[in-house]
Amino acid sequence: MNVHDSEKVVGTLVQEGYRQVETVEQADLILYNTCSIRDKAEQKVFHRLADYKKLQKQGKKFGVLGCVAQQEGEKIFERAPHVSLVCGSASYRKLPEMLTQLGVAATSVLREIPFDKLRADSRPAGESAGLRDDAFLDRARGAKLVRITGLDDRQTDECFETEFTARTNPHRGYITIIEGCDKFCAYCVVPFTRGKERSRTSDSVLAEARQMADLGYTEIQLLGQNVNSYRDPAGKRSFAELLAAVGEVPGIKRVRFTTSHPRDFGRDIVEAIDAVPTLCDHVHLPVQSGSTRVLDAMQRLYSREQYMERIAWIKAAKRDIVITTDVIVGFPGETESDFGETLGLLEEVGYDGIFTFKYSPRPNTPALNLEEAIPDQEKARRLEVLMAKQREVQIPRNRKYVGSIVEVMVEGHNQARGQWIGRTSQNKTLNFTAAAGKSPQSGSYVAVLVTASFPNSLVGEMMSQEEGTKTE
Ligand code: SAM
Ligand code: SF4
């Protein structure tokens with residue numbers, strides 16, 4: 001979601017006459033988009049801001065956006081006095097206004113200069129920038145330190161809609177359908193940094209999907225902290241109905257959605273995937289722990305049994321839907337036996353991929369008051385055991401594709417290896433070669449014979465058009 005937030009910020013500012021540049025050195029204004037989900041991510045922000053300090057005498061201005069901005073607020077000015085702007089994700093609409101107050105408005109001079117084509121930047125930390133403009137630099141050098149905050153809008157019912165999103169990938173685009181979170185898991189900062197849950201109307205989501213299809217996008221990813229908690233404010237469509245409707249937009253070949261919360265995961269989502277071929281064969285369903293006792297302490301709102309019920313619905317589908325998850329190890333009070341239950345769950349579900357996290361204590365969260373903290377060394381050990389177990393689970397799951405023909409969207413070319421990089425509907429990376437003289441274009445869909453597998457990727461050979469009948 002942070003990548004998409006950066007796209008929205010860049011789009012809004014470009015529309016106002018700002019221009020994105022390639023390097024920090026070229027920029028007059030550096031906006032740093034941040035994540036505070038774990039302490040490590042947050043510490044990185046302050047290290048990076050410290051690195052920027054030496055650029056201050058060149059007249060550059062610095063702003064902090066996103067979750068760290070929301071969480072730390074004006075304290076950022078104390079820890080990094082060279083920062084002039086702190087703005088949470090719900091206030092991005094006001095950025096142009098805030099930049100004007102700061103004295104870094106895009107002037108009429110700036111508007112006369114043609115915009116550069118925006119380049120891909122997949123890093124969550126998005127740095128966008130104004131122009132190198134001598135008049136601006138003189139003003140900035142002479143100006144006294146002005147500080148602006150935009151932190152008050154977390155409860156807004158307006159979503160930051162995306163009319164000026166600068167999408168960095170010309171084939172796959174994101175659409176945020178729901179913002180914020182009302183679940184308040186005991187360990188998580190998101191409800192504090194992103195505010196209450198608020199959905200966009202399904203009509204506006206569909207209008208954006210059609211617009212994207214007209215622009216040539218073929219893959220759409222619907223986003224939300226809990227995408228399936230979506231409630232159409234106009235009451236027209238459920239999440240599953242919206243998913244199906246996006247999948248039926250002419251020109252759209254693939255639809256993905258992330259992240260689904262198990263409590264709100266209904267059978268109708270699986271039925272939609274079965275019914276609409278453009279919906280991808282992949283569900284990301286974070287479990288966090290295999291122990292009901294730990295799930296209760298985490299306030300996850302479901303038991304292991306209820307989670308497994310959802311898994312059974314997914315496995316009963318006509319299509320072979322791949323399941324991935326998130327797991328936290330070392331939550332306070334997690335015993336060796338609880339951890340063993342998580343290891344057992346990996347095998348029982350047969351995940352195709354997991355994101356693993358060591359529990360990280362976060363400000364304001366109820367888990368801070370829990371006793372029986374797990375020492376960091378033990379968390380690290382559990383993390384390694386977990387990853388080794390998942391590797392064991394993943395190897396045969398990937399091996400089963402060897403010999404089959406799958407359709408991939410071409411994402412790029414690895415010159416050094418002489419391979420193209422593709423992604424399957426199941427969200428697997430498939431590196432493939434093509435016959436001499438063949439050069440598939442990025443964004444195209446081709447059929448590939450899978451010839452080998454690794455724990456995290458597949459390898460194959462592109463089929464000729466006559467051979468390439470889809471069999472997955
Ligand atoms: N809303 C999604 C859900 O409930 O499954 C997850 C969104 S959260 C931004 C992404 C992941 O970060 C979570 O699934 C969790 O595994 C991890 N996470 C969140 N807070 C954490 C914390 N305090 N320590 C470690 N991992 C954390
Ligand atoms: Fe965080 Fe829980 Fe909300 Fe997910 S559901 S964003 S983990 S509070």
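Excluded from the calculations below are hydrogen atoms, water molecules and symmetry mates; all remaining heavy atoms, backbone and side chain alike, are included. Just follow the structure's listing: the first ligand is 1, and inside any ligand the first atom is 1. One-based numbering along the sequence shown.
What sits closest to atom 26 (N) of ligand 1 on the protein, heavy atoms only, is Phe357 CB, 3.4 Å. In terms of protein heavy atoms, atom 24 (N) of ligand 1 is closest to Ser360 N, 3.0 Å. Closest to atom 15 (C) of ligand 1 among all protein heavy atoms lies Gln288 OE1, 3.5 Å. For atom 11 (C) of ligand 1, the nearest non-hydrogen atom of the protein is Asp326 OD2, 3.4 Å. In this structure, atom 5 (S) of ligand 2 lies nearest to the protein heavy atom Asn226 ND2, 3.4 Å. Ranking the protein heavy atoms by distance from atom 27 (C) of ligand 1 puts Ile328 CD1, 3.7 Å first. Taking atom 25 (C) of ligand 1 as the reference point, the nearest protein heavy-atom neighbour is Lys358 O, 3.3 Å. Of all protein heavy atoms, the one lying nearest to atom 2 (C) of ligand 1 is Gln225 O, 3.4 Å. Looking from atom 20 (N) of ligand 1 to the surrounding protein, the closest heavy atom is Tyr187 CD1, 3.3 Å.
Annotation: cation-pi geometry satisfied between Arg79 and Phe46 (NZ/CZ under 6.0 angstrom from ring centroid, within 45° of ring axis). Relative to the ring axis of Tyr302, Arg263 does not place its NZ or CZ within 45° and under 6.0 Å from the centre.
Nearest heavy-atom pair across Phe62 and His82 is CD1-O, 3.5 Å. Residues Ser202 and Lys236 share a closest heavy-atom pair of OG-CB, 4.0 Å.
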Go through Gln225 and Glu179 one step at a time and tell me if the side chain to side chain donor-acceptor pair (under 3.5 Å) criterion holds. CA-CA 7 Å; Gln225 295 296 340; Glu179 282 278 2; over 6 Å; no
Please report the C-alpha distance between Asn398 and Lys428 in whole Å, then the side-chain angles of each, then the deciding distance to 0.1 Å, and finally whether the side chain to side chain donor-acceptor pair (under 3.5 Å) criterion is met. CA-CA 9 Å; Asn398 277 351; Lys428 289 182 186 283; 2.6 Å; yes
Please assess Gln394 against Asp352 for the test side chain to side chain donor-acceptor pair (under 3.5 Å), listing each intermediate value before the final yes or no. CA-CA 6 Å; Gln394 243 164 260; Asp352 280 74; over 6 Å; no
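Salt bridge present: Arg304 and Glu348 bring a charged side-chain N and a carboxylate O closer than 4.0 Å. For the pair Lys389 and Glu392, the salt-bridge criterion is met [side-chain N within less than 4.0 Å of a carboxylate O].
Ranked by closest heavy atom to atom 6 (C) of ligand 1, the top entry among Leu285, Thr259, Asn228, Ile354 is Thr259.
Considering Arg231, Arg310, Arg300, Lys183 in turn, Lys183 is the only one that fulfils the salt bridge (Lys or Arg N to Asp or Glu O under 4.0 Å) rule with Asp264.
Residue-level proximity to ligand 1 for Arg38 is carried by the side chain, the only part with a heavy atom below 4.0 angstrom.
Numbered from 1 in the order shown, with element, the atoms of ligand 1 that lie under 4.0 Å from a heavy atom of Pro286 read 5 (O). Each of the following atoms of ligand 1 lies closer than 4.0 Å to a heavy atom of Ile37: 8 (S), 9 (C), 12 (O), 18 (N), 19 (C), 20 (N), 21 (C), 22 (C), 23 (N). Within the listing of ligand 1, atoms 1 (N), 2 (C), 3 (C), 4 (O) sit less than 4.0 angstrom from a heavy atom of Asn226. Each of the following atoms of ligand 1 lies closer than 4.0 Å to a heavy atom of His261: 4 (O).
Residue-environment remark: CD (Gln101) exceeds the threshold of 12 foreign heavy atoms within 6.0 Å.
Ring to ring, Phe257 and His284 are not that close: their centroids are 6.0 angstrom or more apart. Under the 6.0 Å cut-off for aromatic ring centres, Phe184 and Phe192 qualify, their centroids lying closer than that.
The shell of residues lying under 4.0 angstrom from ligand 1, judged by heavy atoms, includes Arg300. Contact between Arg300 and ligand 2 is present, with at least one heavy atom of the residue lying under 4.0 Å from the ligand.
Within the sub-2.8 Å shell of atom 1 (Fe) of ligand 2, the protein contributes these N/O/S atoms: Cys188 SG.
Side chain of Arg423 to main chain of Val410: no donor-acceptor pair is present (N/O by atom type, distance under 3.5 Å, no hydrogens or angles).
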